[in-house]
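The structure under discussion appears below in the form of structure tokens.
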Amino acid sequence: MDDGRDGRVGEAIDDDTVDGPAGDGPDVRTDHLTGATTVVVGSRQGRPNLPADGCPFCVGGLEAPEPYEVRAFPNRWPALGDGRCEVVLYTPDHHQTFWGLGVDGARRVVELWAERTRVLGGRDDVDYVLVFENRGPEVGATIAHPHGQIYAYDRVPPTPLRALLDGVLRPDAVAEDLVVGRAGRWVAWVPEAATWPYEVRIAPVDPVGALSDPGCDLDGFARILVDVLARLDQRFDSPMPYMLWIHQRPTDGGEWPDARVCVFVTPFLRAPGTPRFVAAAELGGGIFFNPVVPEAAAAELRELPGART
Ligand SMILES: [Zn+2]
């Protein structure tokens, strides 16, 4: 689904953990007709949908033997080899939401995202670090415990590359009727040509290329993220399933002076209990149809209480 803009559908490479893979490694193939690149990972087909013996992310569980506040560790069921896939635990509280962490808890998460981006991006064999989250079983999350993931690619993947080459990210110039909220140096808005109902982008007004850059306002980032994710849950009075990912500067050693941090949040519902499915004409034609007017989506989200931070 998160590749829908490319006219591709991959397996929603979902969640992870427990018991380890069978051994055959990733096999990268490119379709000669569509140009789509697919990593074939046969070992992941055997991964469990749900752990049989309790939550592996709760303290004392398989992946969290010691008490923690936030935690990152290698994924036992990596979609990419060589330690390129990590799981990030947001809190030891199994039933918490991201926005329920509050600004202090969210700040710990974003600091860990920044640190892991810096560490993984510092490897010679890593050209791009993608922080992301699949939230809810509707988008493939098999474990309810609040967590996200990180992939460290050996190349700059096509979607962020195209954004770098073609995109002009100007959060400071977003029309006011599309703005959902602001916090510190950050703006959250619904894109004018949103593909997804209630799609939100979040970016700093400053020219910051990575969360670990010295000038990055992580406190403002924690506040805006908590607020936006609260609004999405409030929109239909239930946990909003979503996919979230963060574009940052490639770590291939290039300059990339125009690279900007940008968070993409793609909710899965267009109405209470009603998924926004991708239709055949959309994948077949490469032109999408959004039933929710972006300016109306922004107004609806803006008028909710949010996190009141
Ligand atoms: Zn748990």
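Quick caveat: nothing in here was measured; it's all calculated off a predicted structure. All ligand and atom numbering here is 1-based and tracks the order in the structure.
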All heavy atoms of Tyr242 vs all of Pro267, minimum pair found to be CB-CA, 3.8 Å

Within a distance under 2.8 Å of the Zn ion (ligand 1), the protein atoms of type N, O or S are Cys55 SG, Cys58 SG, His94 ND1, His145 ND1

Residue set satisfying salt bridge (charged side-chain N to carboxylate O under 4.0 Å, His left out) with Glu115, at least two apart, ordered chain then number -> none

With sequence neighbours left out, the residues meeting salt bridge (charged side-chain N to carboxylate O under 4.0 Å, His left out) with Arg116 are Glu86

Across all chains, not counting sequence neighbours, the salt bridge (charged side-chain N to carboxylate O under 4.0 Å, His left out) partners of Asp154 are none

Notebook entry, point to check: Does the salt bridge (charged side-chain N to carboxylate O under 4.0 Å, His left out) test come out yes or no for Asp213 and Arg249, once each step is laid out?
Noted result: CA-CA 10 Å; Asp213 282 4; Arg249 182 192 306 112; 2.7 Å; yes

Original post:
Does the cation-pi check pass for Arg276 over Trp196, that is, NZ or CZ under 6.0 Å from the six-membered ring centre and within 45° of its axis?
Top reply: yes

